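What follows is a single structure, written as structure tokens, with notes after it.
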Amino acid sequence: MMKEDVLNQLTECDVAVVGAGHAGCEAALAAARLGMETVMFTVSVDSIAMMPCNPNIGGTSKGHLVRELDALGGEMGKNIDKAFIQSRMLNESKGSAVHSLRAQADKREYTQRMRETLENTPHLVIKQAEAAKILVEDGVCRGIETVSGWKYRAKAVILCTGTYLKACCVYGEVSDPTGPNGLKAATHLSDSLRNCGIELLRFKTGTPARIDGRTVDFSKMTEQKGDDVLVPFSFTNRAEDIEKPQVSCWLTYTTEETHEIIRRNIDRSPLFSGAIKGTGPRYCPSIEDKVVKFPDKERHQLFIEPEGLYTNELYISGMSSSLPEDVQHAMIHTVPGLEHAEIVRNAYAIMYDCLDPRQLRPTLELKAIKGLYSAGQSNGSSGYEEAAAQGIVAGINAALAIKGEEPMILDRSEAYIGVLIDDLTTKENTEPYRMMTSRAEYRLLLRQDNADLRLTPVGRRVGLIGDERWAAFTAKRDAIEREIERVKGVTLGTSEKVQSLLAEYASTPLKSGITMEELIRRPELDYEKLAPVDPERPELPADVREQVNIEIKYEGYIRRQKQQVEHFKKLESRLIPDDIDYSDVGSLRIEAAQKLERFRPHSLGQASRIAGVSPADVAMLNVWLEQKKRENKA
Amino acid sequence: MTTDVIAAIATGLIPGGIGIVRISGPGAVKVAEKIVSISGIRLSQAKPRHLYYGFVTDGEKRLDEALIAVMRAPHSYTAEDTVELQCHGGPLVLKRVLAAALKAGARLAEPGEFSKRAFLNGRLDLSEAEAVMDLIRAENDFARETALSQLGGSLSAVIRGLRGQILEETAFIEAALDDPEHISLDGYPEMLRPRLLEMTKTVETLISGSENGRRLADGIRTAILGRPNVGKSSLLNALLGEERAIVTPIAGTTRDTIEETLRLGDVVLHLADTAGLRETGDTIEKLGVERAEQKARESELILYVLDGSEALNEVDRDALAGLKDRQCLVLINKSDLPQVLDPQEVERETGVETLRISAKTGEGLDELQKTVERRFLFGEIRQQPLVVTNVRHQALLQETLDALYRVRESLELGLPEDFFSVDLMDAYRSLGLILGEEAEEDLINEIFGKFCLGK
């Protein structure tokens with residue numbers, strides 16, 4: 001009896017985080033920083049924040065997620081700013097809404113730096129132990145139990161199990177019941193989740209081979225250097241803070257011969273033989289998938305990327321595969337530059353259990369189990385950035401719920417994170433979900449350059465943005481507003497100086513006076529170009545100037561999207577009570593009532609996005625909600 | 001909580017002495033002011049709940065005489081600012097008045113929306129909630145049914161085709177934005193320009209057609225059908241007198257449809273050359289064959305081509321059996337080669353008038369011209385106008401057109417490509433609503449279906 005008391009006391013905490021990948025790290029940091037006594041569990045302390053697949057962070061739309069995460073007070077942006085070895089802004093020639101930052105990481109550095117941060121965060125404890133059971137009493141999560149039977153009581157549990165649940169790695173005829181990189185899989189938790197009534201899916205993803213850099217002939221490839229002008233991921237860093245020499249990536253291609261080898265051996269792929277049952281992501285298809293699906297394509301691009309400065313290992317981006325080892329060898333050797341490449345690690349596919357995320361609220365708490373949250377690949381997403389973004393949302397909401405504060409819910413018009421979570425929790429997901437810019441309907445507003453303007457206030461409200469950062473932020477925001485205001489009041493005459501500047505950019509000369517604002521909107525001009533004719537212009541930091549330019553230049557488009565958002569918000573703000581019984585809403589079509597009953601949307605807006613629920617159903621529901629509201633008042 | 005202005009015909013489309021078009025929402029008066037003229041005053045100066053005599057206009061055009069009433073919030077059915085236009089009751093006039101209101105900035109009311117607003121704004125009491133929900137459902141079912149029945153097969157085919165094209169363009173742009181290292185947009189705007197022009201023209205024609213009854217394409221929609229390599233493309237070329245379609249001796253060269261408008265004597269044909277009909281495993285060709293069958297369904301005249309040096313087979317018999325009730329001519333081509341087919345026998349077997357021609361030498365083309373002219377003049381071939389009669393469809397077409405104009409504007413301003421796809425998707429969604437289809441995951445599926453991207 002006494003012994004048990006001691007045990008219970010030792011193992012009481014506020015938040016238990018299961019997993020120490022990118023979701024787990026953000027969830028644990030957010031919770032601990034908000035003052036929660038937090039315990040983070042991992043099957044291996046050495047694999048904290050591990051990058052088992054591609055050696056980079058960011059990329060199209062994923063870069064947006066990282067910057068949003070940073071604005072909320074997350075760690076990924078700061079960490080990659082420390083650990084990057086090459087940085088590029090993608091889509092620079094396109095509109096600013098689709099500019100995307102991507103950095104190559106030194107994988108070991110990334111892991112180490114994150115671990116340092118975790119280990120030095122107050123209220124945060126790391127434990128190497130496999131969680132085996134979720135403890136639930138009367139629909140409320142009470143904690144977890146490890147494989148050894150040790151119980152941890154917690155007010156909230158956040159599942160960040162990544163690809164570890166009943167994981168199995170496969171290539172050719174080989175099938176290994178391990179997690180990524182040969183790490184121990186989590187074998188018990190799936191059953192416990194099922195026993196709690198949680199529905200699981202089985203997904204599949206994969207990774208390409210790694211090769212020894214000493215055996216690669218780079219002279220046959222095209223070099224890809226980093227950008228000269230660096231943009232940090234974190235809004236807390238300036239370019240000069242992160243300056244460092246960069247390393248290159250290399251571009252090469254598959255050949256007809258590669259494809260021939262793949263076609264000849266396709267029957268030996270576990271994907272085609274049926275040995276792999278899970279659904280793979282369409283965004284990172286295996287090379288055999290590409291060859292089969294696009295037979296007309298003569299070659300596929302491959303990017304050879306360093307895994308870090310500490311190693312010779314290189315990642316072959318574009319060649320993930322689950323073909324047998326001998327076929328992998330043969331096909332890699334047909335690639336120019338890789339004729340004599342030594343494989344260090346084989347490519348493999350991995351299958352794992354994950355939750356059907358439609359069981360989650362937009363806070364990432366399970367609808368059916370209070371206090372149990374889930375974030376990251378265990379929600380059927382793919383990618384480090386998607387995982388981290390969910391991690392911080394779950395961590396923040398767990399802490400807010402414990403403190404009894406309003407939850408933090410980002411909607412589709414506020415952040416890519418909002419789009420990500422809404423898609424996951426609303427739409428049927430049949431493959432690992434990857435963020436894409438085309439998924440964000442208000443993307444002209446959701447730019448990576450204004451992520452701080454959009455979300456720092458949210459981070460401040462929940463308590464993750466300190467006074468110093470808040471002061472710097474408000475100074476920036478005010479400077480932008482002031483400058484836009486000033487520019488709108490500046491009128492330019494037909495002086496020779498103005499006319500010759502216009503001539504320089506082949507812009508139509510002025511017949512009469514015009515505001516600076518109008519000139520900035522001309523396609524061939526921008527804010528920077530007009531500096532010489534704007535003597536009153538104050539000295540401003542580059543990020544402020546950038547915002548002024550974008551906000552003025554695209555004002556018409558931005559305004560139109562803001563109007564659409566206003567319309568969107570109307571349904572979004574009509575919340576549906578948790579205890580609604582859809583069979584009471586008599587006029588609904590049966591199909592709609594069933595769908596609504598099953599997925600129990602959070603708002604009318606979310607209801608409208610469920611497949612099978614029509615606008616008329618939403619209108620009826622709206623009337624019904626109003627009726628209940630009035631009845632309750634009466 | 002509602003901010004937009006809605007409009008609808010409040011009295012239904014039953015012919016009667018008087019019909020009312022109702023406009024409701026904050027700003028309703030401003031919208032209505034653009035389309036009414038009352039002698040001596042502006043509508044915004046009108047005394048609430050008084051009837052004024054005036055006219056409803058669309059630009060310069062007078063649409064109808066009307067009695068006009070303004071009701072200010074909350075003293076109206078919806079408890080919002082409301083304008084009611086009492087017109088003469090003909091359905092056509094009412095539709096035109098409504099169309100003018102939509103053009104002036106109102107949105108077509110959703111089924112039951114006036115009542116919904118009335119309830120949400122506290123105008124109707126609690127006991128009426130059920131009735132409002134039933135009304136929404138009933139009006140919705142009714143609107144769906146009438147919309148479906150008013151969406152003819154050829155009209156929906158045109159819209160479907162247009163929608164497919166828009167999706168294809170958007171998917172290309174989006175694939176390139178999501179994976180710039182695999183797909184380049186260099187030179188794309190120049191390629192999009194003519195295609196956008198064509199799409200815009202199609203929508204413009206549909207809209208203007210619905211206004212004054214003009215036809216989509218000036219010409220009899222004609223499809224050339226037949227098995228691969230019987231000389232369909234050669235026939236098109238012979239009629240056109242130029243090498244428009246690629247002609248090779250390899251069966252299956254025309255994988256898509258090619259369209260041309262040409263004059264044949266006294267009539268104008270809008271001619272589509274299609275991929276050959278046969279069972280095929282090739283996916284691109286399969287698509288072509290599907291489009292060929294689609295074209296045949298949309299056509300007013302079908303020219304079925306046979307190779308005179310080969311016997312009829314199952315594909316021909318099946319196809320011709322399916323064309324029995326259609327305006328169809330069988331053309332036995334390659335009269336310059338040794339013949340195994342006899343026109344009279346073919347005619348007997350298929351029940352379709354049959355001519356012998358040679359696309360290569362031009363033999364028999366005069367006869368073809370005379371036959372088509374005769375059939376047209378005797379009214380056997382009839383042109384079916386593609387007229388959009390449903391008000392909701394018209395409004396959605398207008399939205400589509402506005403979105404396409406915005407794409408054109410972005411193109412002209414030299415804006416980056418990501419601006420195009422925002423508006424292209426708006427157009428896609430509007431067209432989808434005409435067909436009763438949502439956009440959902442279409443774009444993502446198209447991206448992954450057509451382009452190889454990702455790491």
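The chains referred to below are lettered A, B, ... by the order of the sequence lines, with proteins before strands, and numbering in each begins at 1. Every value quoted in this text rests on a predicted model; they were computed, and no experiment measured them.
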Counting distance only, does the side-chain N/O of B:Arg137 pair as donor-acceptor with the main-chain N or O of A:Ser587 below 3.5 Å? yes
For A:Thr60 and B:Leu177, which heavy atoms make the closest approach, and how far apart are they? CG2-O, 3.1 Å
Lys NZ or Arg CZ of A:Arg630 over B:Phe119 ring: under 6.0 Å, within 45°: yes
Segment of A:Tyr557 engaging chain B (4.5 angstrom heavy-atom cut-off): side chain
Pair B:Phe451 and A:Phe294, ring centroids less than 6.0 Å apart: no
Between chain A and each of B:Glu438, B:Glu128, B:Glu174, B:Met133, count heavy-atom pairs under 4.5 Å; write down the option with the most. B:Met133
Chain A heavy atoms under 4.5 Å from B:Leu124: which part of the residue, side chain, backbone, both or neither? backbone
As an exercise: rank B:Glu139, B:Glu110, B:Glu130, B:Arg406 by heavy-atom pairs under 4.5 Å with chain A and give me the winner. B:Arg406
Please tell me whether B:Arg144 and A:Ser614 have a donor and an acceptor in their side chains that are separated by less than 3.5 angstrom. no
Please flag which part of A:Gln224 lies under 4.5 Å from any non-hydrogen atom of chain B: side chain, backbone, both or neither. side chain
With sequence neighbours excluded, what pairs up with A:His99 under the ring pair (Phe, Tyr, Trp, His ring centres under 6.0 Å) test? none
Over all atoms of both residues, closest heavy-atom pair of A:His567 and B:Asp4: CE1-OD2, 3.5 Å
Parallel, tilted or perpendicular, judged at 30° and 60°: which one describes the rings of B:Phe419 and A:Tyr554? tilted
Side chain, backbone, both or neither: which part of A:Arg521 has an atom under 4.5 Å from a heavy atom of chain B? neither
What are the two closest heavy atoms between A:Ala97 and B:Asp418, and how far apart are they? CB-OD2, 4.1 Å
Quick one: what part of A:Lys293 sits under 4.5 Å from any heavy atom of chain B, side chain, backbone, both or neither? side chain
So which part of A:Glu428 gets closer than 4.5 Å to some heavy atom of chain B, the side chain, the backbone, both or neither? neither
Measure across B:Ile136 and A:Ala616 and return the closest heavy-atom pair with its distance rounded to 0.1 Å. CG2-O, 3.9 Å
To the nearest 0.5 Å, how far apart are NZ in A:Lys629 and CG in B:Leu120? 8.5 Å
In terms of heavy-atom pairs under 4.5 Å with chain A, the winner among B:Pro111, B:Ala176, B:Ser410, B:Gly414 is B:Ser410
The interface call for A:Leu588 against chain B, heavy-atom contacts under 4.5 Å, is backbone
Could you tell me which of B:Ala143, B:Cys452, B:Pro180, B:Ala175 has the largest number of non-hydrogen atom pairs under 4.5 Å with chain A? B:Cys452
For B:Pro416 and A:Gly95, which heavy atoms make the closest approach, and how far apart are they? CB-N, 3.1 Å
Rounded to the nearest 0.5 Å, how far does CG of B:Leu413 lie from CD of A:Glu524? 9.5 Å
Identify whether the distance between the nearest side-chain nitrogen and carboxylate oxygen of A:Lys427 and B:Glu441 falls below 4.0 Å. yes
Distance-minimising heavy-atom pair for A:Ser438 and B:Ile444: OG-CD1, 3.8 Å
Close approach to chain A in residues 181-189 of chain B, criterion heavy atom under 4.5 Å: B:Glu181, B:His182, B:Leu185
Sidechain N-carboxylate O distance under 4.0 Å for A:Arg439, B:Asp178: no
Side chain from CB out, backbone as N, CA, C, O: work out which of these in B:Ile447 comes under 4.5 Å of a heavy atom of chain A, or both, or neither. side chain
